[in-house]
Engineer: 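Pasting a structure below so you can have a look.
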Amino acid sequence: MTDTQQAAITKPIEVSFEFFPPKTEKMQESLWTCVKRLAPLAPSFVSVTYGAGGSTRERTHDTVTAITRDMGIPAAAHLTCVAATREEVNTVAREYWNAGIRHLVALRGDPPDGETDYVPHPGGYAYAADLIEGLKAVADFEISVAAYPEVHPHALSARDDLDNLKRKIDAGATRAITQYFFDADTYRRFVDRAQAAGIGVPIVPGILPVTNFAQVVKFSRACGTTVPAWLRDRFEGLDDDPRTRELVAATTAAELCEDLQKDGVRNFHFYTLNRADLTYAICHILGVRPQRPAAV
């Protein structure tokens, strides 16, 4: 173990959480139950996603501002290039800044529902690097971006994908958050390649607790994440056994994080899917404990 890794291990673990904006009143209740459950863990920030084609723009805005206002947690809003002109995006960004939101997650974005190919909006920001430059011109936002340890499915090559990440960092991004992965070596190899390419910002591992294995397989096929055979074996036969499945899911995700900790990784970003208990359990295993009594 290097001196740098040894020093990093003495630093406290920091966690952040991703939520998605609710579509119904019942989902709204579930979201706030999740936020209140995880808030005592004192996340460094939480982020709120943006639907395909900008379909949840207003709900994202309302959720981010409410979390910041009512919970006192630093919240970051996702912004994409899809289905909006530059001025429309800039207007949304100004509204966030005026509402006290200082952190944005800048993404190219997925095509609108029913479409498979990404086409830049006429008069809009074409790609994430362009979006970042525009946002930094609006105000001095902290900006996080996405990184793909196993290559973005639309990238021409692994090198092309890494070059694109470098462009986003050069445009002003201060942090990269990875797509989820299941093998620690996948992250290690990616970080080594990124550093060799001159990328010096923190690369935070994105962790997806497996709540529904079949759904994860579907997600992974779309985003290019490998589902290893050993993971499939772990969840085999548990489709109708949710309690055991959650125990296996918590153990599996915690093992991944603990493996990364050995390298000195101290920041983890959890894709919660608006479900708190599994993420809370994983954080507990990692030693992240409540800073105040948990809300019930």
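The first residue of the sequence shown is numbered 1, and numbering continues consecutively from there. What you are looking at is a predicted structure, and each value in this text was computed from that prediction instead of being measured. Computation of the quantities below employed the complete heavy-atom set of this structure, encompassing side-chain atoms and omitting hydrogens, waters and symmetry-equivalent molecules.
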Engineer: Which of parallel (below 30°), tilted (30 to 60°) and perpendicular (above 60°) describes His152 and Tyr148?
Structural biologist: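 The rings of His152 and Tyr148 stand perpendicular, inter-plane angle above 60°.
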Engineer: Kindly give the heavy-atom pair with the smallest separation between Ala254 and Ile285, and that separation in Å.
Structural biologist: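 Minimum heavy-atom contact is CB-CG2, 3.7 Å.
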Engineer: So does Glu29 have more than 12 non-hydrogen atoms from other groups sitting under 6.0 Å from CD?
Structural biologist: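 No, not enclosed.
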Engineer: Do you know which two heavy atoms are closest between Ala176 and Val201, and how far apart they sit?
Structural biologist: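 Where Ala176 meets Val201 most closely, the heavy atoms are N-CG2, 4.2 Å.
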Engineer: Would you compute the distance between atom NE2 of His269 and atom CG of Leu208 and round it to the nearest 0.5 angstrom?
Structural biologist: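 If I round to the nearest 0.5 Å, the distance is 11.0 Å.
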Engineer: Specify the closest pair of heavy atoms between Leu256 and Ala184, including all atoms of both residues, with the distance to one decimal.
Structural biologist: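 Where Leu256 meets Ala184 most closely, the heavy atoms are CD1-N, 3.6 Å.
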Engineer: Do Pro228 and Asp183 come within less than 4.5 Å of each other through their side chains, counting heavy atoms only?
Structural biologist: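 In short, these two side chains touch, coming nearer than 4.5 Å.
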Engineer: Find out whether Thr211 and Arg275 are in side-chain contact, i.e. whether some heavy atom of one side chain is under 4.5 Å from a heavy atom of the other.
Structural biologist: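 Contact flag for Thr211/Arg275 side chains = yes.
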Engineer: Does Val145 reach the side chain of Ile177, with side-chain heavy atoms less than 4.5 Å apart?
Structural biologist: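 Heavy-atom side-chain distance check fails, nothing below 4.5 Å.
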Engineer: One pair to check against side chain to side chain contact (heavy atoms under 4.5 Å, CB included): Leu278 and Leu273. What are the steps and the verdict?
Structural biologist: CA-CA 10 Å; Leu278 191 50; Leu273 302 181; over 6 Å; no
Engineer: Could you check Asp163 against Arg167 for salt bridge (Lys or Arg N to Asp or Glu O under 4.0 Å), going step by step and ending with a plain yes or no?
Structural biologist: CA-CA 6 Å; Asp163 288 344; Arg167 284 192 291 271; 5.3 Å; no
Engineer: State yes or no: do Phe20 and Leu104 share one hydrophobic cluster built from I, L, V, M, F, W and Y residues joined by side-chain heavy-atom distances below 4.5 Å, directly or via other members?
Structural biologist: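 Different hydrophobic clusters.
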Engineer: Roughly how far apart are Tyr50 OH and His61 NE2, rounded to 0.5 Å?
Structural biologist: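 Interatomic distance, Tyr50 OH to His61 NE2, rounded to 0.5 Å: 10.5 Å.
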Engineer: Less than 4.5 Å apart, any side-chain heavy atom of Ile207 and any of Cys257?
Structural biologist: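 Yes. Closest side-chain heavy atoms under 4.5 Å.
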Engineer: How are the rings of Phe19 and Phe17 set to each other: parallel, tilted or perpendicular (split at 30° and 60°)?
Structural biologist: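 Phe19 vs Phe17 ring planes: tilted.
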Engineer: With side-chain hydrogen bond (donor to acceptor under 3.5 Å, both in side chains) as the test, pick out the partner of Tyr125 among Thr85, Asn90, Asp130.
Structural biologist: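 The side-chain hydrogen bond (donor to acceptor under 3.5 Å, both in side chains) with Tyr125 is passed solely by Asn90 among Thr85, Asn90, Asp130.
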Engineer: Quick one: pull up CG in Asp277 and OG1 in Thr33 and give me the separation to the nearest 0.5 Å.
Structural biologist: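 OG1 of Thr33 is found 10.0 Å from CG of Asp277.
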Engineer: Do Phe45 and Leu38 share a hydrophobic cluster, counting only Ile, Leu, Val, Met, Phe, Trp and Tyr and linking them when any side-chain heavy atoms are less than 4.5 Å apart?
Structural biologist: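 Phe45 and Leu38: separate clusters.
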Engineer: Would you sort out whether Thr225 and Phe219 count as a side chain to side chain contact (heavy atoms under 4.5 Å, CB included), showing the intermediate values?
Structural biologist: CA-CA 8 Å; Thr225 295; Phe219 285 168; over 6 Å; no
Engineer: Applying the 4.5 Å side-chain criterion to the ILVMFWY set and letting contacts propagate, would Leu135 and Val64 be lumped into a single cluster?
Structural biologist: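 In one cluster with Leu135: Val64, yes.
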Engineer: With the side chain counted from C-beta on, respond yes when Gln261 and Ile13 share a heavy-atom pair under 4.5 Å apart, and no when they do not.
Structural biologist: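 Yes; the side chains approach each other to less than 4.5 Å.
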Engineer: Could you report the tightest heavy-atom contact between Val204 and Asn267, atom names first, then the distance?
Structural biologist: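 Val204 and Asn267 have their closest heavy atoms at CG1-O, 3.7 Å.
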Engineer: Under 6.0 Å from the CG atom of Asp240, do we count more than 12 heavy atoms belonging to anything else shown?
Structural biologist: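 No, not enclosed.
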Engineer: Should Val248 and Phe213 count as side-chain neighbours, where that means a heavy-atom distance under 4.5 Å?
Structural biologist: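 In short, these two side chains do not touch, never coming nearer than 4.5 Å.
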Engineer: Inspect the contact between Arg189 and Glu150 and indicate whether a charged nitrogen and a carboxylate oxygen are less than 4.0 angstrom apart.
Structural biologist: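 No.
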Engineer: Return the CE to CG distance between Met27 and Asn274, rounded to the nearest 0.5 Å.
Structural biologist: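 Spacing of CE (Met27) from CG (Asn274) equals 6.5 Å.
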Engineer: So Ile282 and Phe270, side chain to side chain contact (heavy atoms under 4.5 Å, CB included) or not? Walk me through it.
Structural biologist: CA-CA 10 Å; Ile282 297 163; Phe270 290 92; 3.8 Å; yes
Engineer: Taking C-beta and beyond as the side chain, do Pro120 and Tyr127 meet within less than 4.5 Å on heavy atoms?
Structural biologist: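 Yes, close enough: below the 4.5 Å cut-off.
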Engineer: Check step by step if side chain to side chain contact (heavy atoms under 4.5 Å, CB included) holds for Glu18 and His78.
Structural biologist: CA-CA 10 Å; Glu18 180 180 288; His78 287 214; 3.5 Å; yes
Engineer: Measure the OG1-CZ distance between Thr252 and Phe182 for me, rounded to the nearest 0.5 Å.
Structural biologist: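 The distance works out to 9.5 Å.
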Engineer: How about Arg86: does its CZ atom have over 12 heavy atoms from other parts shown lying under 6.0 Å from it?
Structural biologist: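 Yes, enclosed.
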Engineer: Taking all non-hydrogen atoms of both residues into account, name the closest pair between Glu133 and Ala171 and its distance.
Structural biologist: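 That closest heavy-atom pairing would be CG-CB, 3.7 Å.
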Engineer: State yes or no: do Tyr271 and Phe268 share one hydrophobic cluster built from I, L, V, M, F, W and Y residues joined by side-chain heavy-atom distances below 4.5 Å, directly or via other members?
Structural biologist: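 Result: no, two separate clusters.
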Engineer: Tell me whether Thr80 contacts the main-chain N or O of Leu107 through its side chain, where contact means a donor paired with an acceptor under 3.5 Å.
Structural biologist: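 A pair under 3.5 Å: no.
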Engineer: Short question: side chain of Asn212, backbone of Gln215 - any donor-acceptor pair under 3.5 Å?
Structural biologist: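 Pair found, side chain donor or acceptor close to backbone of Gln215.
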Engineer: Judged by atom type as modelled, is there a donor-acceptor pair below 3.5 Å linking the side chain of Ser144 to the main-chain atoms of Val105?
Structural biologist: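 Not at all, since once roles are kept as given, no pair shorter than 3.5 Å links the two residues.
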Engineer: Hey, does Val35 have a side-chain heavy atom less than 4.5 Å from the side chain of Val46?
Structural biologist: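 No, side chains not in contact.
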Engineer: Looking at Asp259 and Arg188, does any basic side-chain N land under 4.0 Å from a carboxylate oxygen?
Structural biologist: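 Here Asp259 pairs with Arg188 in a salt bridge, since their nearest N and O are under 4.0 Å apart.
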Engineer: Calculate, to the nearest 0.5 Å, the distance between atoms OG1 and CZ belonging to Thr49 and Arg59 respectively.
Structural biologist: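 It is 10.0 Å, given to the nearest 0.5 Å.
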Engineer: Looking at Glu87 and Arg94, does any basic side-chain N land under 4.0 Å from a carboxylate oxygen?
Structural biologist: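 Arg94 and Glu87: salt-bridged.
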Engineer: Is it true that Asp170 and Lys166 make a salt bridge, defined as a side-chain N closer than 4.0 Å to a carboxylate O?
Structural biologist: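 Yes, charged N to carboxylate O under 4.0 Å.
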Engineer: Could you tell me whether the side chain of Lys168 and the main chain of Ile132 form a donor-acceptor pair under 3.5 Å?
Structural biologist: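 Side chain of Lys168 to backbone of Ile132: no pair is present.
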Engineer: Could you pull out the closest heavy-atom pair between Cys223 and Tyr180, with the gap in Å?
Structural biologist: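 Between these two residues, the closest heavy atoms are SG-OH, 3.8 Å.
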Engineer: When you measure from the side chain of Arg102 to the backbone N and O of Trp97, does any donor-acceptor pair fall under 3.5 Å?
Structural biologist: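 The answer is yes, because a donor-acceptor pair under 3.5 Å joins these two groups.
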Engineer: Do Val216 and Phe181 belong to the same hydrophobic cluster, where Ile, Leu, Val, Met, Phe, Trp and Tyr are linked whenever their side-chain heavy atoms lie under 4.5 Å apart, directly or via other members?
Structural biologist: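 No; Phe181 is not reachable from Val216 via cluster members.
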Engineer: Distance under 6.0 Å and angle within 45° of the ring axis: does Arg108 meet both against Tyr118?
Structural biologist: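 Yes, Arg108 lies over the aromatic ring of Tyr118.
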